[in-house]
There are 2 protein chains.
Amino acid sequence: MAEKPHRPTVKEVAQRAGVSPMTVSRTLSGGVNVKPDVQQRVMDAVAELGYHRNENARSIRPGHSSGLIGVAITNIANPYYSTFALGVEEEAALTGRRILLGNTSEDPGREAELVGDFLGRRVDGLIVVPASSTSGHLAHSQSQGVPVVLASRRVDGIEADSVVLADDDGAYRGTIALIDAGHTRIGYLGNTLSIFTGERRHAGFIRALEERGIKVEPALIAAGQQTVDQARDATRALLGMKNPPTAIFCANNRNAIGAVKEISQQLHVGIKTATDFPELMSFDDFELAELSPVPISVIDHDPRELGRTAARMLLDRLDGGDEDAAVREIELPVSLRMHVR
Amino acid sequence: MAEKPHRPTVKEVAQRAGVSPMTVSRTLSGGVNVKPDVQQRVMDAVAELGYHRNENARSIRPGHSSGLIGVAITNIANPYYSTFALGVEEEAALTGRRILLGNTSEDPGREAELVGDFLGRRVDGLIVVPASSTSGHLAHSQSQGVPVVLASRRVDGIEADSVVLADDDGAYRGTIALIDAGHTRIGYLGNTLSIFTGERRHAGFIRALEERGIKVEPALIAAGQQTVDQARDATRALLGMKNPPTAIFCANNRNAIGAVKEISQQLHVGIKTATDFPELMSFDDFELAELSPVPISVIDHDPRELGRTAARMLLDRLDGGDEDAAVREIELPVSLRMHVR
DNA sequence: CTGTTAGCGCGTTCAC
DNA sequence: GTGAACGCGCTAACAG
């Protein structure tokens, strides 16, 4: 039992084992050129003292890195991103690296702050779900040799590895499916077009309509909802139109859940039946989607895989040797699942 | 633009500003005893070079700490814990600290590994949702002066601050509510009793039954499901009994969601109607609970607040000065919400 | 096989 | 107001 709480150092271990600090260091790094019995004594001292090498001290030495990966996410509480984070963590752990997690709350200023802090902590690399359209802080990171991988969203003005979803393609196919099912008045719920995915999914949606000769009616388009409650409000507005849509395309899970909730609620208190409400298409699967009172289809994809891929891209650059390899831009496919049960 | 990517040091900034490293250091620490114009030159050099103080180097100096908090969670992908993590992150960020996040996957070995790694990185403190019943690694952390806060679950054999839910009380009240509603055959779905919350919620459930003189029927008790799929299987078994329960108490969101899914599915394919199925009581609220085909009540609580509280307890010990204060054990109240709509 | 020297980036201490 | 020296914990490089 340690008298006064404190973290032992190599010196103390060395003293206790009756050797020099160097021998301790060597033993801990595999034990080359250290006699077995000496190694044993060292290991005993390590165990008795509960010694852990000070990684911060190690990391300041030339050549050594911190083994830290900075991860900046817009909202960890969103199940989609928390699963993404899990994927990153798992993959990073495989190389013994740890993740430094920061929540940006979609705030570009906070993101820049976080990145600055991460750089100060000498992270090996950065994985960012960008909240901003500016990229100064990211380019800055790169200029110091700290690679950046963008996930889910890209940012203009920066050449960085990125892994995003097939937003346009998914939205297009989902919309076409609705049209093929006979819908011509299709509502749209999504987040603001200034966000990368918002813009792309909206584009895919529009492309499908135009390709099939369906006039785009601005009143049917609601873009800008970030939360479930905002999505409910927007849904209520759509449902309240004189000539409401017969289907609604939801560009993300927040908006789909808002739509499901609102429809469910109106169904509960009102006189209408389920068939009076629009059917739904959701970009993003979500738990209990199958409970929707109206038919719902999802454009599905795997956030964990997104995280794993982002981490692997970063690790490739760190460990793969080819740090100067060309920028890679990966687009993960999505799959359309009609009428989820 | 830096020629060869690299992280500038105080020396380079000093050289560029035409001063000594000390002056740079002083300027960055508030600028006492540095002439304003010199400070300006230093700040300019900092900006031009994109200099960030090396926190790892700073942290090895006596008196200084890493500003890192190690957070070990059993499953980040679980929305409950990811929201918890958000609470921790927010509170930590208020003191300029960052979180080092690790996923234990309910694996005690992994947890011990993570804690060891965190100690090596000289975290200021640890926030742990323990996966283990052993506590050697946690006691070890404390013995080195690194405080530990347990969240959601406690562990025997260790004196550490902890914040948990009123598991027993919540389960008791929820069960009483079911009994008051006329139920006498009440099923139980939960995770294994070897987990802290599993044990406590089960105890509250049993206590309510016994207090009301209802015989505990082992066949109605299913404890051990960790995933939604396992919960579905257990639900199916309960529903398939010759004399099935008229209500089911679900000890956590995974089990409640499994129950909802299974009932929903059977309702969809079968000939029975909703009233043929048991009503539900869920310890944990969850998104879209109100879509349950059978009446559902929830024992609600706030994971974000749990995270905030855990972080505050830790920060109090770190910054509050009273590091030797008595151990605090907080139990957060839960609220019963009947028939969620 | 083992120990000594030196230095990573930074900031306290002490001179000037 | 400013700078030089020293040492934090650790480990390559160089003795021995």
Side-chain angles (χ1 to χ4, degrees), chain A residues 6-43 45-46 49-68 117 119-124 144-146, chain B residues 6-43 45-46 49-68 117 119-124 144-146:
Chain A
H6 94 138
R7 337 267 245 265
T9 70
V10 246
K11 275 188 201 154
E12 299 173 54
V13 175
Q15 189 172 8
R16 185 166 189 117
V19 297
S20 80
M22 227 11 253
T23 300
V24 174
S25 177
R26 272 193 270 258
T27 302
L28 261 24
S29 330
V32 280
N33 286 344
V34 182
K35 274 202 302 205
D37 58 312
V38 176
Q39 287 196 44
Q40 190 55 55
R41 263 191 296 145
V42 170
M43 293 314 281
V46 165
L49 263 40
Y51 171 75
H52 293 270
R53 287 197 287 202
N54 186 331
E55 291 299 330
N56 296 331
R58 297 187 79 203
S59 75
I60 69 170
R61 312 199 64 264
H64 275 276
S65 73
S66 69
L68 253 27
D117 184 279
L119 290 178
R121 295 182 188 281
R122 294 304 184 265
V123 293
D124 297 352
Q144 303 202 348
V146 181
Chain B
H6 93 140
R7 339 269 243 266
T9 70
V10 246
K11 275 190 204 153
E12 298 173 55
V13 176
Q15 189 172 10
R16 187 169 187 113
V19 297
S20 80
M22 246 343 280
T23 300
V24 174
S25 177
R26 272 194 268 260
T27 302
L28 260 25
S29 329
V32 280
N33 286 343
V34 182
K35 275 201 300 208
D37 59 312
V38 176
Q39 288 195 43
Q40 190 54 54
R41 263 190 297 141
V42 170
M43 294 314 282
V46 165
L49 261 40
Y51 171 75
H52 294 270
R53 288 198 285 204
N54 185 331
E55 292 298 331
N56 297 332
R58 299 187 77 203
S59 76
I60 70 170
R61 312 201 63 264
H64 274 276
S65 74
S66 69
L68 253 27
D117 184 278
L119 289 178
R121 296 182 189 280
R122 294 303 185 266
V123 292
D124 297 352
Q144 301 201 350
V146 181

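Throughout, protein chains are lettered first and strands after them, A, B, ... in sequence-line order, and every chain is numbered starting at 1. The structure displayed is predicted, hence computed values, not measured ones. For the numbers below, each heavy atom of this structure counts, side chains included, while hydrogens, waters and symmetry mates do not.
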TODO: Side chain of A:Ser25 only, please: which of D:dT11, C:dT12, C:dC10 is the nearest?
DONE: D:dT11
Open item on the list: What's the closest nucleotide to the side chain of A:Asn33 if the choices are D:dT2, C:dT2, C:dC8?
Closed with: C:dT2
- [ ] Give the rounded distance in Å between these two atoms: NE2 of A:His6 and C1' of D:dG9.
- [x] 13 Å
Task: Positions of residues 54-67 of chain A (non-hydrogen atom under 4.0 Å from DNA chain D), listed by number - done: A:Asn54, A:Ala57, A:Arg58, A:Ile60, A:Arg61
Open item on the list: With a 4.0 Å cutoff (strictly under), does any side-chain N or O of A:Ser20 reach OP1 or OP2 of C:dT4?
Closed with: no
TODO: Looking only at side-chain atoms of B:Tyr51, point me to the closest of D:dT11, C:dT13, C:dC10.
DONE: C:dC10
Task: Test log, rule side chain to side chain contact (heavy atoms under 4.5 Å, CB included), inputs B:Arg122 and B:Leu68 - done: CA-CA 8 Å; B:Arg122 294 303 185 266; B:Leu68 253 27; over 6 Å; no
TODO: Using whole Å, report how far CG of A:Leu49 lies from C1' of D:dG9.
DONE: 15 Å
TODO: Let me know the distance between CD of B:Gln39 and C1' of D:dT2, rounded to the nearest Å.
DONE: 13 Å
Task: Atom-pair distance (CE on B:Met22; P on C:dC14), nearest Å - done: 14 Å
- [ ] Using only heavy-atom distances, decide whether a donor-acceptor pair under 3.5 angstrom links the side-chain of B:Arg26 to the base of D:dG3.
- [x] yes
Task: B:Arg121 side chain vs A:Ser66 backbone, donor-acceptor pair below 3.5 Å - done: yes
Task: Residue from A:His52, A:Gln39, A:Met43 passing side-chain contact (heavy atoms from CB on, under 4.5 Å) with A:Leu28 - done: A:Met43
Open item on the list: Tell me whether the count of non-hydrogen atoms from other residues, nucleotides or ligands lying under 6.0 Å of CD in B:Glu12 goes above 12.
Closed with: yes
- [ ] Would you mind reading off the distance between A:Glu12 atom CD and D:dC8 atom C1', rounded to a whole angstrom?
- [x] 13 Å
- [ ] Find out whether B:Arg41 and B:Val19 are in side-chain contact, i.e. whether some heavy atom of one side chain is under 4.5 Å from a heavy atom of the other.
- [x] yes
Open item on the list: Around atom CD of A:Gln144, are there more than 12 heavy atoms from other residues, nucleotides or ligands closer than 6.0 Å?
Closed with: yes
Open item on the list: Main chain of A:Ser25, side chain of A:Ser29: is a donor-acceptor contact present, judged purely on distance under 3.5 Å?
Closed with: yes
Open item on the list: Please report the distance, rounded to the nearest Å, between CZ in A:Arg121 and C1' in C:dC10.
Closed with: 15 Å
Task: Phosphate OP1/OP2 of C:dC8: any B:Thr9 side-chain N/O under 4.0 Å - done: no
Open item on the list: Check this one for me: any side-chain N or O of A:Arg7 less than 4.0 Å away from OP1 or OP2 of D:dG9?
Closed with: no
Task: Spacing between B:Lys11 atom NZ and C:dG11 atom C1', to the nearest angstrom - done: 14 Å
